[in-house]
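The structure appears right after this line, and notes come after that.
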Amino acid sequence: MEQTLAWYLSLLFIGVVAAVFLWVRLHSREAAEFEPIRDRAYRLRPHLFWALVVVGIPVMVVTLMMTPYESAQGLPDDALHIDVQGQQFAWTLSETGARAGQTVVFNVTSADVNHGFGIYDTDMRLVAQTQAMPGYTNRLVHVFDAPGSYRILCLEYCGMAHHVMEARFEITKAR
Ligand SMILES: [Cu+2]
């Protein structure tokens, strides 16, 4: 649904930009005085500035609050912390499941090379991902909405058997 809307909106914007280019191309040989055009544009500038301030600042504040990072949202007390290690060619998780609705904090690292820690739902849609890097721990915070058997696949080509790097993560019904 959102994908279709995004597609039509993109087409609309592409159409508008193409129309502007075409208009400019068709009128490019007409001579015109520079000063009046510049003065008209300068008169618009303060309005544009205040429109940006009035619209842009609230949009920025609201979208920043929705940023899916721990520092932006804080963690609930019952969050489940799970250590994840990637290695050629398997995943090791300290817990292999959680409850739906529970906040899960994955502390993701690697024992050898870079891997991609990707979590897929039962329809094989990617729901969350982060890098698994040697010598570094990436924190991935995720709340699973629906129960089911989620798949963890490697998102970064890491060697000959990259494609077998798979684990399961079981989400049970919320209490
Ligand atoms: Cu891999």
Side-chain angles (χ1 to χ4, degrees), residues 1-18 21 55-175:
M1 179 61 222
E2 292 108 30
Q3 291 286 322
T4 317
L5 181 66
W7 167 238
Y8 285 124
L9 277 179
S10 304
L11 275 184
L12 182 72
F13 284 123
I14 291 169
V16 169
V17 172
F21 268 86
V55 176
I57 289 179
V59 165
M60 188 184 72
V61 169
V62 169
T63 51
L64 272 178
M65 286 194 310
M66 295 192 297
T67 308
Y69 300 122
E70 177 198 341
S71 57
Q73 298 186 329
L75 285 175
D77 293 337
D78 69 340
L80 179 63
H81 293 258
I82 300 181
D83 291 327
V84 179
Q85 183 175 263
Q87 71 211 67
Q88 291 163 316
F89 295 96
W91 295 106
T92 310
L93 285 84
S94 60
E95 305 269 350
T96 56
R99 277 183 289 107
Q102 187 176 21
T103 299
V104 183
V105 183
F106 295 98
N107 298 305
V108 183
T109 189
S110 167
D112 39 41
V113 299
N114 262 38
H115 299 280
F117 178 73
I119 306 172
Y120 290 81
D121 69 9
T122 49
D123 296 325
M124 280 307 282
R125 274 186 305 229
L126 184 67
V127 295
Q129 66 90 25
T130 190
Q131 282 274 308
M133 300 153 70
Y136 194 85
T137 300
N138 278 315
R139 219 160 216 231
L140 175 66
V141 181
H142 188 68
V143 178
F144 294 87
D145 299 323
S149 185
Y150 288 68
R151 290 170 80 179
I152 293 164
L153 298 174
C154 184
L155 287 177
E156 176 125 5
Y157 182 69
C158 56
M160 287 294 282
H162 157 73
H163 59 283
V164 303
M165 241 180 117
E166 183 179 345
R168 288 277 175 176
F169 197 71
E170 308 296 335
I171 300 298
T172 53
K173 281 205 183 76
R175 269 203 299 252

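We count ligands from 1, going down the list as the structure has it; atoms in each ligand are counted the same way.
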Which donor-acceptor pairs under 3.5 Å do side chains of residues 76-84 form with protein atoms, sequence neighbours excluded?
none

pair Tyr8-Thr4: side-chain heavy atoms closer than 4.5 Å
yes
Mind checking what makes side-chain hydrogen bond (donor to acceptor under 3.5 Å, both in side chains) contact with Glu170, not counting sequence neighbours?
Ser149
Interatomic distance, Gln129 atom CD to Leu153 atom CG [nearest 0.5 angstrom]
12.0 Å
Is it the case that the side chain of Asp121 and the backbone of Asp123 share a donor-acceptor pair, with hydrogens and angles ignored and the cut-off at 3.5 Å?
yes
Tell me how many protein N, O or S atoms are closer than 2.8 Å to the Cu ion (ligand 1).
4
Please tabulate, for side-chain N and O atoms in residues 154-162, each donor-acceptor pair with protein atoms closer than 3.5 Å (sequence neighbours left out).
{"unit_1": "Glu156", "atom_1": "OE1", "unit_2": "Gln131", "atom_2": "NE2", "d": "2.8"}
{"unit_1": "Tyr157", "atom_1": "OH", "unit_2": "Gly159", "atom_2": "O", "d": "3.3"}
{"unit_1": "His162", "atom_1": "ND1", "unit_2": "Glu156", "atom_2": "O", "d": "3.0"}

